[in-house]
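In what follows, chains are A, B, ... by sequence order, proteins preceding strands, each numbered from 1.
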Amino acid sequence: MELIETFFNWDILIRSFPILMRGLGNTIMLGVASILLGTFCGLLLCLVRLYAPRPIQLLAIGYIDIFRALPILVLLILIYYALPFIGIRLNSFVSALWALSMVLAAFTAEVCRAGIQNVPAGQFEAAATLGMPFWMSMRKIILPQAIKVIIPPLTSNSIAVFKDTALASVVAMPDLLKQAQDTQALMANPTPLIGAAIIYLVLLWPLVRIVGYLEGRNQRLYAR
Amino acid sequence: MTSAHPHKIDFNGVPAVSMTGINKWYGAYQALRDIDIHVSYGERIVLCGPSGSGKSTLIRTINQLETHVSGTLIVNGIELTPGMKKLDEVRQDVGMVFQHFNLFPHLTILENCTVSPISVRKVPKREAEDRAMHYLERVKIAEHANKYPFQLSGGQQQRAAISRSLCMKPKIMLFDEPTSALDPEMVREVLDTMIGLADEGMTMVVVTHEMGFAREVADRVIFMDQGQIKEVAPPEAFFASPQEPRARAFLNQIMH
Ligand SMILES: Nc1ncnc2c1ncn2[C@@H]1O[C@H](COP(=O)(O)OP(=O)(O)OP(=O)(O)O)[C@@H](O)[C@H]1O
Ligand SMILES: [Mg+2]
């Protein structure tokens with residue numbers, strides 16, 4: 001009973017709820033912005049990686065390697081605490097947006113590459129033979145076929161990035177986790193943290209299920 | 001179309017395809033050696049030869065799916081050079097039919113036939129669909145227009161692929177072994193479609209081992225071996241008395 005009083009204090013939960021909601025708003029904004037930006041840049045990066053002239057391809061490969069290896073937290077701290085030394089001062093939201101989408105772009109590029117390379121060469125040839133210019137064949141023929149393979153890992157990566165928005169609390173962005181921590185300190189009770197954890201779960205669990213479903217469906221498609 | 005030969009084009013003797021001294025290497029391996037071919041509009045060429053002799057490489061050079069290293073290639077009066085800008089425009093007028101059909105699996109048969117006319121040729125959607133239905137009727141699969149490729153038999157898919165090409169109203173049609181991935185009972189329907197096209201005066205370059213087809217429609221048979229053209233002859237002469245020993249051996253092999 002005392003345990004519930006401590007970790008799941010209904011009164012404190014109700015009182016901290018509006019604050020958590022404000023944090024959740026920031027978390028969702030950061031998450032959605034990072035996912036959109038990261039995915040879009042990732043697709044561009046992938047096309048550069050596959051089709052640009054060789055030297056530019058190498059740059060893309062370098063970028064992808066580095067940002068897949070670098071921990072997001074390290075990148076975030078670099079952006080937030082190191083860049084000011086060269087006069088670039090970004091607020092915590094923008095810093096986190098950069099860090100998350102730069103890393104997501106690198107992962108997305110690899111996922112898209114696998115998807116595009118999974119489309120048989122004959123499809124590229126058929127499109128070319130019908131006189132389609134490169135971008136048109138990408139848009140009308142190749143990407144619509146690649147997307148089926150791309151979607152599950154893309155969603156999976158997006159979930160990961162969404163979870164990593166919590167890192168933004170390290171650079172004092174008032175996201176869900178930070179708000180919960182502050183409220184915990186204020187009210188001297190861990191319930192807000194539990195509340196935050198539950199909110200993360202409720203938000204992401206359906207997405208996790210969807211990925212599972214999509215992967216299963218793809219496997220069934222290929223089994224034919 | 002009123003003319004008996006709706007595809008017949010005459011450009012005062014300008015050839016549809018003209019290859020002069022074409023060479024091609026894959027790494028150190030020379031796949032095409034000094035190829036000279038001149039195809040007139042309305043002419044039907046059958047390319048044959050043993051496996052690995054360079055037939056696919058040659059026909060794919062015509063629309064630059066493979067680029068040549070040296071020599072001169074002129075298609076529809078335009079010289080093609082590797083990396084050229086207007087390649088897409090030249091390809092619009094050169095249809096190609098592949099061994100494995102290469103239909104777009106995410107589009108219906110009708111959409112397969114309209115996607116390029118609409119987006120490349122800027123034909124209005126309704127008109128493109130009417131045109132597609134016209135060609136689908138001609139290859140006798142109009143009733144499958146709204147199905148997806150995987151719902152059709154191989155023969156039907158190949159006929160759909162032919163009509164997809166025709167919807168671009170090409171001046172030249174290239175066929176790379178269009179029947180060799182088909183079950184025997186479906187070969188006939190595809191060949192009949194091609195014969196119909198030949199009867200209408202379409203300029204055709206066909207890689208095939210169907211010698212009956214060659215006999216029936218070819219103006220010239222070209223025999224290739226080891227990346228070279230070894231013999232060029234009208235089908236009667238080629239089948240009756242091939243001059244090259246390699247051609248004789250090849251004919252013996254595929255006739256039995
Ligand atoms: N992309 C490639 N890279 C390297 N070598 C190739 C490539 N494509 C073809 N070749 C080689 O070039 C030669 C000619 O190949 P090609 O496909 O033109 O022959 P083909 O006459 O069409 O044979 P088939 O009847 O088997 O289709 C073959 O020896 C083949 O191994
Ligand atoms: Mg071949």
Side-chain angles (χ1 to χ4, degrees), chain A residues 43 46-48 50-58 111-155 213-224, chain B residues 56 59-60 62-67 76 83 85-107 111-123 128 148-150 157 160-176 181:
Chain A
L43 181 58
C46 151
L47 294 173
V48 169
L50 284 174
Y51 304 113
R54 193 64 190 159
I56 301 176
Q57 272 187 17
L58 289 177
V111 166
C112 292
R113 183 166 70 102
I116 288 174
Q117 288 181 333
N118 187 57
V119 178
Q123 294 291 311
F124 290 81
E125 291 178 355
T129 301
L130 289 167
M132 288 195 194
F134 175 80
W135 285 108
M136 189 188 290
S137 64
M138 268 295 146
R139 205 158 42 86
K140 303 240 171 214
I141 307 300
I142 305 305
L143 291 180
Q145 294 182 56
I147 203 85
K148 288 193 201 86
V149 186
I150 293 177
I151 287 284
L154 197 66
T155 316
Y213 166 75
L214 289 176
E215 279 168 350
R217 197 186 59 171
N218 268 4
Q219 251 155 29
R220 282 195 299 281
L221 281 179
Y222 287 120
R224 280 202 307 210
Chain B
S56 294
I59 200 172
R60 288 158 60 86
I62 295 177
N63 62 2
Q64 293 286 286
L65 289 182
E66 302 290 349
T67 50
N76 287 325
K85 273 253 156 10
K86 289 208 310 181
L87 186 54
D88 294 327
E89 285 172 44
V90 176
R91 281 173 171 163
Q92 292 171 26
D93 294 325
V94 184
M96 184 166 216
V97 175
F98 302 87
Q99 183 174 356
H100 296 286
F101 331 136
N102 298 356
L103 288 170
F104 304 130
H106 62 300
L107 302 178
E111 289 164 343
N112 265 275
C113 292
T114 58
V115 61
S116 204
I118 291 173
S119 42
V120 176
R121 287 238 200 256
K122 309 293 176 214
V123 177
Y148 285 88
F150 76 91
Q157 288 191 48
I162 292 173
S163 78
R164 174 177 70 176
S165 279
L166 292 178
C167 283
M168 288 296 283
K169 300 205 183 262
K171 300 192 176 87
I172 304 167
M173 284 287 286
L174 310 175
F175 296 83
D176 191 358

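Among A:Gly131, A:Ala128, A:Ala127, A:Pro144, the residue with the largest count of heavy-atom pairs under 4.5 Å with chain B is A:Gly131. Listed options B:Ala161, B:Pro117, B:Ser165, B:Ser119 were ranked by heavy-atom pairs under 4.5 angstrom with chain A; first place goes to B:Ser119.
The distance from atom CG of A:Leu130 to atom CG of B:Asn102, rounded to the nearest 0.5 Å, is 10.0 Å. One finds the CZ atom of B:Phe104 at 8.0 Å from the CD atom of A:Gln145 (value rounded to the nearest 0.5 Å).
Residue A:Met136 touches chain B through its side chain alone, counting heavy-atom pairs closer than 4.5 Å. Proximity to chain A (any heavy atom under 4.5 Å) is shown, for B:Arg121, by neither the backbone nor the side chain. With a 4.5 angstrom heavy-atom cutoff, B:Met96 touches chain A via backbone and side-chain atoms both.
Closest non-hydrogen pair, A:Pro133 versus B:Val120, comes out as CD-CG2, 4.5 Å. Nearest heavy-atom pair across B:His106 and A:Lys140 is NE2-O, 2.9 Å.
Within the 3.5 Å criterion, the main-chain N or O of A:Thr129 finds no donor-acceptor partner in the side chain of B:Asn63. Looking at A:Gln123, its side chain does come within 3.5 Å of a backbone N or O of B:Leu103 through a donor-acceptor pair.
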